[in-house]
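Numbering starts at 1 and runs along the sequence shown.
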Amino acid sequence: MKTDEQFMEQAIELALQAREAGNEPFGALLVKGNEVVKVGENKVHSNSDPTYHAEIGLIRDYCSEQGVFDLSDYTLYTSCEPCVMCTGAMVWANLGKVVYSVSHDQLADIAGDNIMISSGHVFEKSPSNTEVVGPILNKEGLKAFEGYTFG
């Protein structure tokens, strides 16, 4: 049985792949029953879509492909604590659990000011029962941002 850390290593690798492809360094994977069912990475630049974050792209694509709306039996591993938009998608999809590496506050220090509402605030204000775990493999997750500039 794989651990949260093993799945997170894969999410961080996806973030590095996204960066190498000219996108922002974020990666995510969706797991059900200890099996990866979908992987995703940030594609905001390659798709010319400012909403194509790793998490929301993954949720959108998986739910559409599988014809499902309820992800309560799934865990989403993401290289960074999800933004307010992605967290909203998790609420609407009734995601069971999210596990992240780099925290919202750490990303704010790296990226500068943006919509600085943490996923915790969104989950607290929603009817969601999503379990939130993190940060895990934090040092490894931060490596995806070394030398990266947002802009």
Side-chain angles (χ1 to χ4, degrees), residues 1-19 23-44 49-66 68-146 148 150:
M1 184 142 171
K2 285 191 173 181
T3 65
D4 284 347
E5 289 79 9
Q6 288 171 307
F7 286 122
M8 186 58 67
E9 287 173 354
Q10 194 173 348
I12 293 167
E13 181 59 36
L14 289 163
L16 293 169
Q17 288 176 21
R19 183 175 175 172
N23 292 297
E24 294 181 349
F26 301 97
L29 54 113
L30 191 62
V31 173
K32 182 177 184 185
N34 206 42
E35 179 183 334
V36 176
V37 296
K38 186 78 175 171
V39 298
E41 57 188 61
N42 181 290
K43 295 182 181 178
V44 297
D49 180 353
T51 69
Y52 207 108
H53 293 191
E55 303 92 337
I56 202 166
L58 175 98
I59 291 169
R60 180 189 309 135
D61 294 347
Y62 182 78
C63 288
S64 177
E65 291 164 5
Q66 299 300 314
V68 298
F69 285 85
D70 185 357
L71 299 180
S72 58
D73 292 333
Y74 296 77
T75 299
L76 194 149
Y77 292 85
T78 178
S79 60
C80 190
E81 183 176 353
C83 73
V84 65
M85 176 183 69
C86 292
T87 304
M90 292 174 192
V91 169
W92 286 110
N94 198 30
L95 182 68
K97 180 179 175 183
V98 62
V99 182
Y100 66 87
S101 177
V102 176
S103 75
H104 163 269
D105 290 341
Q106 289 173 310
L107 181 62
D109 288 342
I110 295 165
D113 290 334
N114 203 321
I115 302 173
M116 290 294 117
I117 301 169
S118 73
S119 65
H121 284 64
V122 176
F123 285 125
E124 287 170 16
K125 302 271 186 209
S126 77
S128 175
N129 292 320
T130 303
E131 179 185 354
V132 180
V133 176
I136 67 165
L137 295 184
N138 187 247
K139 185 186 284 186
E140 294 86 342
L142 285 167
K143 287 181 182 175
F145 295 102
E146 286 179 0
Y148 187 82
F150 288 85

Problem - Minimum heavy-atom distance between Leu30 and Leu95, given as atom pair plus value - result: CD1-CD1, 4.2 Å

Handout entry: Residue list, salt bridge (Lys or Arg N to Asp or Glu O under 4.0 Å) with Asp105, at least two apart or on another chain
Key = none

Exercise for the section: May I ask you to test the Cys80-Tyr100 pair for a side-chain heavy-atom distance under 4.5 Å? Expected result: no

Handout entry: Heavy-atom pair with the smallest gap, counting every atom of Asn138 and Ser101
Key = ND2-O, 2.9 Å

Problem - Shortest non-hydrogen separation from Leu16 to Ala144 and the atoms involved - result: CD2-CA, 3.7 Å

Practice task
Would you give the length of the straight line joining atom NZ of Lys125 to atom NE2 of His121, rounded to the nearest 0.5 angstrom?
Solution key: 7.5 Å

Practice task
Taking the side chain as every heavy atom from C-beta outward, state whether Phe69 and Asn94 have any atom pair closer than 4.5 Å.
Solution key: no

Handout entry: Gap between atom CG of Leu142 and atom OG of Ser103 - 0.5 Å precision
Key = 8.0 Å

Problem - Backbone N/O of Gly27 and side chain of Ser79: donor-acceptor pair under 3.5 Å - result: yes

Handout entry: Neighbour count above 12 (heavy atom, 6.0 Å) for Asn129 CG
Key = no

Practice task
Kindly compute the distance separating CG (Asn42) from CG (Asp49), expressed to the nearest 0.5 Å.
Solution key: 9.5 Å

Exercise for the section: Using the six-membered ring wherever Trp is involved, compare the ring planes of His53 and Phe26 and label them parallel, tilted or perpendicular (cut-offs 30° and 60°). Expected result: parallel

Handout entry: Nearest-0.5 Å distance, CG of residue Asp61 to CD of residue Gln66
Key = 11.0 Å

Practice task
Using atom types as modelled and distance alone, determine if a side-chain donor or acceptor of Glu81 lies under 3.5 Å from a backbone N or O of Ser119.
Solution key: yes

Practice task
Applying side chain to side chain contact (heavy atoms under 4.5 Å, CB included), run through Glu24 and Tyr148 and close with a yes or a no.
Solution key: CA-CA 9 Å; Glu24 294 181 349; Tyr148 187 82; 3.2 Å; yes

Exercise for the section: Taking all non-hydrogen atoms of both residues into account, name the closest pair between Ile136 and Glu5 and its distance. Expected result: CD1-N, 4.0 Å

Exercise for the section: Would you mind telling me which of Val37, Val98, Ile59 makes a side-chain contact (heavy atoms from CB on, under 4.5 Å) with Tyr74? Expected result: Val37

Exercise for the section: Give the C-alpha distance, both sets of side-chain angles, the deciding distance and a yes or no for side chain to side chain contact (heavy atoms under 4.5 Å, CB included) between Gln6 and Thr3. Expected result: CA-CA 5 Å; Gln6 288 171 307; Thr3 65; 3.4 Å; yes

Handout entry: Derivation of the side chain to side chain contact (heavy atoms under 4.5 Å, CB included) call for Val133 and Thr75
Key = CA-CA 10 Å; Val133 176; Thr75 299; over 6 Å; no

Completion exercise
Correct closest heavy-atom pair for Phe145 and Arg19 would be C-NH1, 3.8 Å

Fill in the blank from the handout: NZ (Lys38) and CG (Leu58) are apart, to the nearest 0.5 Å, by 7.0 Å

Problem - Name of the residue among Val99, Ile12, Val102 meeting side-chain contact (heavy atoms from CB on, under 4.5 Å) with Leu137 - result: Ile12

Practice task
Taking only Lys NZ, Arg NE, NH1 and NH2, and the carboxylate oxygens of Asp or Glu, determine whether Asp4 and Lys97 approach each other closer than 4.0 Å.
Solution key: yes

Handout entry: Distance-minimising heavy-atom pair for Lys2 and Gln10
Key = NZ-OE1, 4.3 Å

Exercise for the section: Verify side chain to side chain contact (heavy atoms under 4.5 Å, CB included) between Met90 and Val122, making sure each step is shown before the conclusion. Expected result: CA-CA 10 Å; Met90 292 174 192; Val122 176; over 6 Å; no

Exercise for the section: Side-chain contact test, heavy atoms from C-beta onward, threshold under 4.5 Å: evaluate it for Leu71 versus Leu76 and give yes or no. Expected result: no

Problem - Ser126 (side chain) donor-acceptor with Phe123 (main chain) under 3.5 angstrom - result: yes

Practice task
Could you tell me the separation between the CE atom of Met8 and the CG atom of Leu14, rounded to the nearest 0.5 Å?
Solution key: 11.0 Å

